[in-house]
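Note that the structure is predicted; figures quoted are calculated from it, not measured. Quick note: numbers below take in every heavy atom, side chains included, and nothing from hydrogens, waters or symmetry partners. Start at 1 and go down the list; that is how both ligands and their atoms are numbered.
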Amino acid sequence: MQFFLDTANIDEIKKYAKWGMIDGITTNPSLMAKEGVSLEKRIKEIAAVIDGPISSEVISTDLKGMIEEGKKMSKWHPNVYIKVPMTPNGLMACKALRSEGINVNVTLIFSASQAILAAKAGATFVSPFIGRLDDISEDGMSLIADIMQIFENYEFETKVLVASVRHPRHVVDSMLIGADICTMPETVFSKLIQHPLTDIGVERFLSDWKNAKKK
Ligand code: G3P
C-alpha cells in the first residue's frame, strides 16, 4: 500500500517528505497551473525530493502529440510516469509508450469498463476519481472494489491508484478494499494523523509529569 501526494507544490512536498511516508507524487494540469513554473522544472525539483513515481500529464489531445510529449517528459527523470486521459487517443498513446518501456498512468477513470480498457492497453496505473463520482451521488468506493476484483480475476498487473480523494475515510476504505495506491492532497494527508484524544492524551501526560516533579 502506497501513499502519494496529489500536488505540484514543492513546499508541501518537502514538508511531508520529511515524514518518510510519501511514496510518489501525482500532478495534473490544474495543479501545475497554480504554480507559475515550467512543468519540466517542477518535475525535476520533485524528483530531487521524492524517490518514487511522479505523474506528469500530457496536454495534447491528438495521438502523435501525446506520444511526443510522453517521450519528452520520460527523459526528464526515470521516475516520471506519463499521465494520459481515458480517451481513444489516450489508450493508443498508453500502448505506444508502454511498448517503449515508459510507465503510464491512465487518468480520469470513472467506470470499471474504462479501467479494463486501460489495463488491456498495458497501463502501469489507472486513476479512478472517487470524489468526483461521490459529488454526483454515485459511489466512488464501489468502483474501486469492482476494479480491484476485475484486475484480480484476470491477473492484470495494472495498479489501482485511487484519486480525487477528499477525506481520511476515503483513504481507509480504499485500503480495506486493498487498493494499491492512494493519492491525496495535503489537506487529507495531514488529517490522517489527527485525533483529539491523542492531543488530549499528550497534554495530560505532560501536565501529570510536570505536577509530579513539583512535589
Ligand atoms: O489528480 C487528480 C485528482 O486527484 C483530482 O482530484 O479533488 O480535483 O477531484 P479532485
Ignoring hydrogens and angles, write down the donor-acceptor pairs under 3.5 Å from the side chains of residues 173-181, residues two or more places apart or on other chains.
residue	atom	partner	partner atom	Å
Asp173	OD1	Arg169	NE	3.2
Asp173	OD1	Arg169	NH2	2.9
Ser174	OG	His170	O	2.7
Asp180	OD2	Val160	N	2.7

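- For the pair Leu192/Phe3, a side-chain contact is recorded, criterion being any heavy-atom separation below 4.5 Å from C-beta on.
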Identify all N/O pairs between ligand 1 and the protein with a separation under 3.5 Å and present them as a table of atom names and distances.
residue	atom	partner	partner atom	Å
ligand 1	1 (O)	Asp6	OD1	2.8
ligand 1	1 (O)	Asp6	OD2	3.1
ligand 1	1 (O)	Asn28	ND2	3.2
ligand 1	4 (O)	Asp6	OD2	2.6
ligand 1	4 (O)	Ser164	N	2.9
ligand 1	7 (O)	Arg166	NE	3.3
ligand 1	7 (O)	Arg166	NH2	3.3
ligand 1	8 (O)	Arg132	NH2	2.8
ligand 1	9 (O)	Arg132	NE	2.6
ligand 1	9 (O)	Ser164	OG	2.7
ligand 1	9 (O)	Arg166	NH2	2.8

Taking only distance into account, with no hydrogens and no angle test, what donor-acceptor pairs under 3.5 Å do side-chain atoms of residues 113-123 form with protein atoms, sequence neighbours excluded?
residue	atom	partner	partner atom	Å
Ser113	OG	Ser111	OG	3.1
Gln114	OE1	Phe110	N	2.6
Gln114	OE1	Ser111	N	3.2

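- Hydrophobic cluster membership is shared by Ile109 and Ile130, with clusters built from Ile, Leu, Val, Met, Phe, Trp and Tyr side chains linked at under 4.5 angstrom.
- Using cut-offs of 30° and 60° on the angle between ring planes, the pair Phe125 and Tyr81 is parallel.
- Within the hydrophobic cluster formed by Ile, Leu, Val, Met, Phe, Trp and Tyr side chains joined at under 4.5 Å, directly or through other members, Leu206 is accompanied by Val202.
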